[in-house]
Amino acid sequence: MESLTTGVIADIVDGQHPENPVVQILTMKRIPNSSQERWRLLLSDGKWSNSFAMLATQLNPKVDSGAITNNSIIRMDRYVCNTVQENKKVLIILDLSVIMTGAEVGKKIGTPVTYDSSKIAAQQQEQPQQQYKAPASKVAPNMSSAGGNVARIPLAQHNALAKGSCVTKTPSGGNVHPIESLTPYQNRWTICARVTNKSTIRTWSNSRGEGKLFSMDLLDETGEIRATAFNNEVDKFYDMIEVDKVYFISSATLKTANKQYSNLNNEYEMSFNRTTEVTPCHEQTAIPTMQFNFVSLDQLESLQKDAILDVIGVCKETHDLSHVVMKSTGKELTKRDIQIVDTTAREVRLTLWGTQAETFDGSQQPVVAVKGVKLSDFNGRSLSVLSSSCVQINPDIQEAHMLKGWFDNGGNVAETVNLSGKGGQAGSIGGNFKLIAEAKQNTGTDQPEYFCAKGCIVMIRKENSMYTACPRDGCNKKVVDQGNGMYRCEKCDQTYDTFQWRIMLQACVADISDSQWISIFQDQAEQLLNTNANELGALRETNKDDFEKIMDAILFKNYNFKLRSKIETYNGENRWKASVMNLNPVDPQEHSRRLITEIKQLTGQA
DNA sequence: CCCCCCCC
Ligand SMILES: [Zn+2]
């Protein structure tokens with residue numbers, strides 16, 4: 001039997017940092033109510049056990065793939081141990097090797113007991129806690145990137161690697177904290193982080209005031225976080241902060257991140273305040289220049305519109321520059337559309353703007369990676385680069401080399417599905433057509449299912465089809481009418497002098513097999529009713545007849561629906577619920593073609 | 001404390 005490093009858990013809790021300890025995972029628990037996937041591990045060294053360990057999120061795939069399970073014996077190749085709140089210790093595993101799989105071990109080794117935490121408190125006075133362990137040699141891709149510009153990195157350069165190690169001490173001799181350990185409940189901390197992206201200065205003016213701000217993305221070996229500086233802090237820090245450089249940052253305010261605007265892998269974000277200090281770090285570090293959380297292109301079909309994502313693909317087609325005029329301001333913009341493709345045999349349109357559009361060279365069919373791109377439902381699915389996005393051309397990362405290899409060895413001529421190919425009204429809405437009765441059979445999973453159905457709207461609930469919602473964009477929470485012309489949003493904890501109408505329509509859809517009440521929300525309802533929610537809401541108040549006419553106009557017409565279904569539980573009872581993600585009027589030719597294909601398949605002719 | 005990110 002493979003041996004554990006007996007007693008090592010006590011050593012770590014007591015502030016030592018033994019090299020490469022070997023421990024057993026007794027149990028793994030996903031931390032609930034966390035917006036990101038995060039695993040807590042109960043570790044044993046055969047003598048002691050403790051549930052203070054968490055897996056760095058970049059190691060999540062090891063759980064998801066089953067590489068580590070209960071009973072696995074692992075070597076912690078890199079880890080950090082920190083004190084959070086009072087005396088609580090948190091150990092984050094940054095790198096591990098599986099020594100024996102859980103299946104091979106098959107049982108708990110020894111009879112470990114929980115290492116006593118009261119002992120920890122006593123130890124803390126005497127023993128300085130140790131922080132990062134310097135890894136033997138960790139290489140980081142040396143890759144430049146910039147918010148406003150396309151970083152051009154030829155693949156040939158791809159072994160220009162910067163060696164470095166973890167920075168463990170702040171300039172004043174204190175301990176460096178991992179980004180991953182930051183919470184709003186923690187006061188004194190200093191991180192050592194690379195700025196991977198930096199915005200320009202923007203000003204704002206609204207009912208709550210006005211000011212200026214800029215934001216940046218920070219990365220260390222454990223995680224990433226967005227930070228924003230306002231007003232005085234803009235003056236103080238904007239010039240000194242440079243993309244790709246590493247800084248010690250201390251004492252900023254942490255708050256819950258709004259995932260609507262960022263996909264950084266952190267449930268918090270940071271605002272600089274009066275006490276925030278930023279000092280350049282001149283030591284060599286092993287912090288990567290960028291961290292991506294890619295989704296493959298085939299996932300775009302089932303992701304929500306407006307989601308912020310990281311994507312990577314080979315540019316198989318580059319369109320010419322074009323100019324568009326903004327509807328709101330009349331300002332002219334330059335844009336360029338490109339098609340990117342990946343190994344899932346999907347391609348999607350990606351729109352670049354401004355300088356990035358102008359300087360893009362697609363002639364060599366480069367790999368394009370974008371961190372923080374916005375998903376839209378235009379022509380089915382398409383992607384648009386934001387000012388906060390980071391675009392990299394031929395980044396020196398494994399995924400890029402793999403994709404280019406695939407593309408140059410047949411991927412370039414592989415048949416692909418164009419996710420952005422649903423031009424205009426008549427377009428199709430994708431595959432996986434089901435009858436309603438068929439779809440309702442799928443009750444064995446609590447995961448959402450996505451499918452298409454052709455159906456006819458036979459009934460709608462016009463009452464309660466609209467509600468007054470918070471005027472703040474993207475909040476959508478129903479407001480409470482204060483009766484004095486003011487409307488309160490509990491979610492924003494704000495009172496506004498206005499609201500916006502939103503639609504939440506229940507429609508009964510029938511096909512040849514069955515019928516089902518489904519939900520149709522704002523965007524899809526506006527498309528279906530051919531109106532906008534605010535106009536429709538006003539109409540409901542002023543002219544009920546016309547309101548009903550607009551509603552009734554959708555009855556007894558056939559649509560192709562893309563639906564999301566899920567089993568939901570009400571008072572212990574399971575219900576099959578579906579909502580519309582996408583819809584189109586049925587194009588008879590296309591419908592017929594689909595039926596012919598299905599008939600051929602059924603009769604074995606296809 | 002922002003949260004705009006465009007067009008077809
Ligand atoms: Zn609100």
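Note on naming: letters A, B, ... go to the chains in the order of the sequence lines (proteins, then strands), and numbering restarts at 1 for each one. Here the structure is a predicted model, which means the values were calculated and not measured.
Bracketed by its first and final contacts, the part of DNA chain B lying under 4.0 Å from non-hydrogen atoms of chain A reaches from B:dC1 to B:dC8 in 5' to 3' order.
Heavy atoms of A:Val325 sit under 4.0 angstrom from primed sugar atoms or phosphate atoms, though from no base atom. Among the protein residues, A:Asp337 comes within range of no part of the nucleic acid, since none of its heavy atoms lies under 4.0 Å from any strand. Within 4.0 Å of A:Lys255, counting heavy atoms only, lies at least one base atom of the nucleic acid. Residue A:Glu269 is in base contact, counting any heavy-atom pair closer than 4.0 Å across all strands shown. Residue contacts shown for A:Lys331 are absent, as no nucleic acid heavy atom lies under 4.0 Å away. If you check every strand for non-hydrogen atoms under 4.0 Å, A:Arg349 touches a base. Counting non-hydrogen atoms under 4.0 angstrom, A:Arg202 reaches a base of the nucleic acid.
For the pair A:Arg502 and A:Phe521, the NZ or CZ position fails the cation-pi test of under 6.0 Å to the six-membered ring centre and within 45 degrees of the ring normal.
In terms of heavy atoms, A:Val509 sits closest to A:Gly455 at CG1-CA, 3.8 Å. Closest of all the heavy-atom pairs between A:Val479 and A:Ala469 is CG1-C, 3.8 Å.
Checked against a 6.0 Å centroid threshold, the rings of A:Tyr496 and A:Tyr487 do not count as neighbours. A:Trp353 and A:Phe360 have their aromatic ring centers separated by at least 6.0 angstrom. Aromatic pair A:Phe237/A:Phe272: ring centres closer than 6.0 Å.
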